[in-house]
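Reading through the structure tokens given below for one structure.
The residues of the chain are indexed from 1 along the displayed sequence.
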Amino acid sequence: MVRRFLELLAREASAVEFEGPIIQARAEGADPATIEELEKAKVEALKVRALLRRRARREAELSALYDTAGDLAALRDLDAVLEAIVRRARQLLAADIAYLTLHDPEQGDTYMRVTDGSISAKFRALRLAMGAGLGGLVAQTAVPYATADYFADARFRHKEHIDEAVEEEGLVAILGVPLRLGQRVIGVLLAANRSARPFHQEEVSLLASLAAHAAIAIDNARLLQETRNALEELSHAHRTARAHGEAVERAALAHDRMTSVVLRGGGIEDVAAVATDVLGGSLAVLDDLGKPITGDVGELDAGVFDAAQASRALGRTVRRGDLLIASVDVGGEPLCTLILRGDDADERILERAALVCALLLLFRRSVAEAEGRVRGELLDDLIARPGSPGLVDRARRLGVDLGAPHVLVVVRHDGQRERAAFWASSQAAMRHGLAAGRAGEVVLLLPGENAGAVAQRVAAELSASLHVPATAGASRVSGPDVAEAYREARRCAEALVALGRAGDGASPAELGFVGLLVGDGRDVRGFVHTVLGPVIDYDARRGTALAETLAAYFGSGASPSRTAEAMHIHVNTVTQRLDRIGKLLGDGWLEPERALEIQLALRLHRLGHTSIP
């Protein structure tokens, strides 16, 4: 019967057909245990079906974006490209209508440029003042807006002629995103339904990606028109016109090559190699933190990063000395920066390379965020519902072997929650572990055995990423039950903060006797061995009384003479034994903090092996 579910998945059956095997089993008189097993198999099969459908939809979305990029590379007719973008927006969002408006600088409003699915002539001729209607509000604020019920939404100004056109078209739910060139809004891309419908965040992101392509198409059309005007005005300078035409052809070829690299599944290194081959010189690509992804242009000063900020603000390449700098942002946050060192080069090619690299990074980030959510949900279930069925299989599908030794790390921070969660998700993906972001902390389950070393590394790297102290507590864990390890690691992190060691990382073993208080295991034997092991072993081998002498020494207020009296031995003997103890325990054993640990270990040792838990 379970095989039937696999067959249903293979032929992409509808959800209702998954009830068939259960109905058949009941008809055949199957026992309750078999029915329950089939019910569980059905639930898991439906989960797989939902996952496959989400992935298929995501693949369709990515394919549409790649097709759009291909259209831009072979741009010949702006109207055809814009119509394709609007048509794809309507198809991918399953909307009744999609349309695109452009800004009219002479009249200071926006007008309908392209529609798909419209049935109203009045709606197709509509003009929206800045701030009026949903489209006018998006054009004015440069922020996406969505409404599930247009006429009941009071966030934007309702104008009579706009509402009449919307009502004639029969629209109810509307989503709009801005078309931006740098910091300038040139229009709005919208999708709408003739019935109430909420728009999800992934739909907003998809429409924003299509809007970015539309903006590139318009910008490319502007560049081509400028080229035609220049050829007309400088027709008498044939040589100059020919050189300009060669430059345009070179830019188109470079754009084609970079797009082809992306379509073949290439990465940022491949795009950078194409740009370097076309432009010459040396090219470096930096991430959002200013760290190199590929390439090297030498030591960079603060002025270069100021120029990168100016490039993002202007939406074009900025020159600084012999460097050309093109930087791209998303929502005001830097995404990537390209720095070219060389002779005079085509700035537009560098800008196109920056846009292609930014698109690749956005795709990579989307995939990472999706995988991070899956890993975070699994880690939350491991902590909140230990022993639940299916956890080991879910982990195995993510490449995580819960049977191997792992370290559970809890990191407390006061930094940016999204950045911390993204960093933790990236670390988990690279190291075949799990990560989850929570308010004020991130939790990681990473392969390893040395909990203290893992905690220190995580604290140092996350602190550097957030530019604020991140404090990490860690605990070793074996098997799928990580709930106890989570509580111990969290107490470790809280203890570090309480001890004034924010930004540090440790496990209970590194906290000394404080670890006895925060650790669930409370390994007293291990603590005594760590602090006094060399002395105890020496006494066992030689039959000496160094531990007894050490206890008497601390008990007499650290006075050799009183120690000698208490033990009925000569003071020189005490001095010799203390010298030996110092060699065994190492320098600093009389420092206050170390001495406190030694005294605690001596007291626990005197309780005897049978009394130590």
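Looking only at distances, a side-chain donor or acceptor of Arg562 sits under 3.5 Å from a matching main-chain atom of Ser556. Checked by atom type and distance alone, the side chain of His200 never pairs as donor or acceptor with a backbone atom of Pro198 at under 3.5 Å. The backbone N or O of Ala307 sits nowhere less than 3.5 Å from a side-chain atom of Ser311 that would complete a donor-acceptor pair. A donor-acceptor pair under 3.5 Å is absent between the side-chain atoms of Ser425 and the main chain of Ala421, judged by distance alone.
Heavy-atom minimum distance, Ala502 versus Pro469: C-CB, 4.1 Å. Closest approach of Thr563 to Ala552, counting heavy atoms only: OG1-O, 3.8 Å. Scanning both residues, Ala451 and Ala474, for their nearest heavy atoms gives O-CB, 3.4 Å. The minimum heavy-atom distance linking Ala455 with Ala472 is given by the pair O-CB, 3.4 Å. Here the closest non-hydrogen pair linking Ser463 and Ala470 is OG-N, 2.8 Å. Pairing each heavy atom of Ala489 with each of Leu408, the nearest pair is CB-O, 3.6 Å.
Looking at Glu44 and Lys47, a side-chain N of the basic residue comes within less than 4.0 Å of a carboxylate O on the acidic one, giving a salt bridge. Between Glu377 and Arg394 no salt bridge is recorded (no basic side-chain N to carboxylate O distance below 4.0 Å).
For Asp270, there are no side-chain hydrogen bond (donor to acceptor under 3.5 Å, both in side chains) partners two or more places apart in sequence or in a different chain.
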With a 3.5 Å cut-off and sequence neighbours excluded, list the donor-acceptor pairs that the side chains of residues 532-543 form with protein atoms.
residue, atom, partner, partner atom, Å
Tyr538, OH, Arg542, NH1, 3.1
Asp539, OD1, Thr544, OG1, 2.5
Asp539, OD1, Leu546, N, 2.9
Asp539, OD2, Leu546, N, 3.2
Asp539, OD2, Ala547, N, 2.9

Please list, one pair per line, the donor and acceptor atoms closer than 3.5 Å that link side chains of residues 569-585 to other protein atoms, with sequence neighbours excluded.
residue, atom, partner, partner atom, Å
His570, ND1, Asn572, N, 2.9
Thr575, OG1, Val571, O, 3.1
Arg577, NH1, Thr549, OG1, 2.9

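Within 6.0 Å of the CG atom in Asp587, the count of heavy atoms belonging to other residues, nucleotides or ligands does not exceed 12. At most 12 heavy atoms of other shown residues, nucleotides or ligands fall within 6.0 angstrom of atom CD in Gln309. No more than 12 heavy-atom neighbours from other residues, nucleotides or ligands sit within 6.0 angstrom of CG on Asp414.
The CD atom of Glu449 sits 5.0 Å away from the CZ atom of Arg476 when rounded to the nearest 0.5 Å. In this structure, CD on Glu565 lies 13.0 Å from CE on Met567, to the nearest 0.5 angstrom. Distance check: Thr471 OG1 to Asp504 CG gives 7.5 Å after rounding to the nearest 0.5 Å. Taking SG of Cys336 as the reference point, atom CD1 of Ile293 lies at 6.5 Å (rounded to 0.5 Å). The distance from the OG1 atom of Thr294 to the CG atom of Leu283 is 8.0 Å, given to the nearest 0.5 Å. The distance from the CZ atom of Arg490 to the OG atom of Ser475 is 14.5 Å, given to the nearest 0.5 Å.
Contact annotation: the side chain of Leu402 never approaches that of Val482 to less than 4.5 Å [non-hydrogen atoms, C-beta and beyond]. Counting heavy atoms from C-beta outward, Val442 and Trp423 have side chains that stay 4.5 Å or more apart. Using a 4.5 Å heavy-atom threshold, the side chains of Leu340 and Thr317 count as separate. Put simply, the side chain of Tyr553 does not reach to within 4.5 Å of the side chain of Leu602, judged on heavy atoms. Contact annotation: the side chain of Val411 never approaches that of Glu441 to less than 4.5 Å [non-hydrogen atoms, C-beta and beyond]. The shortest distance between side-chain heavy atoms of Leu434 and His406 does not fall below 4.5 Å.
Side-chain contact, Ser327 with Arg312: a donor N or O sits under 3.5 Å from an acceptor N or O.
With Arg457 as reference, Leu446 is the one residue of Asn450, Leu462, Leu446 to meet the side chain to side chain contact (heavy atoms under 4.5 Å, CB included) rule. If you run side chain to side chain contact (heavy atoms under 4.5 Å, CB included) between Phe305 and each of Thr337, Leu286, Ile325, only Leu286 comes through.
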Fill in: Trace of the side chain to side chain contact (heavy atoms under 4.5 Å, CB included) decision for Asp329 with Gln183
CA-CA 10 Å; Asp329 66 355; Gln183 299 299 312; 3.6 Å; yes
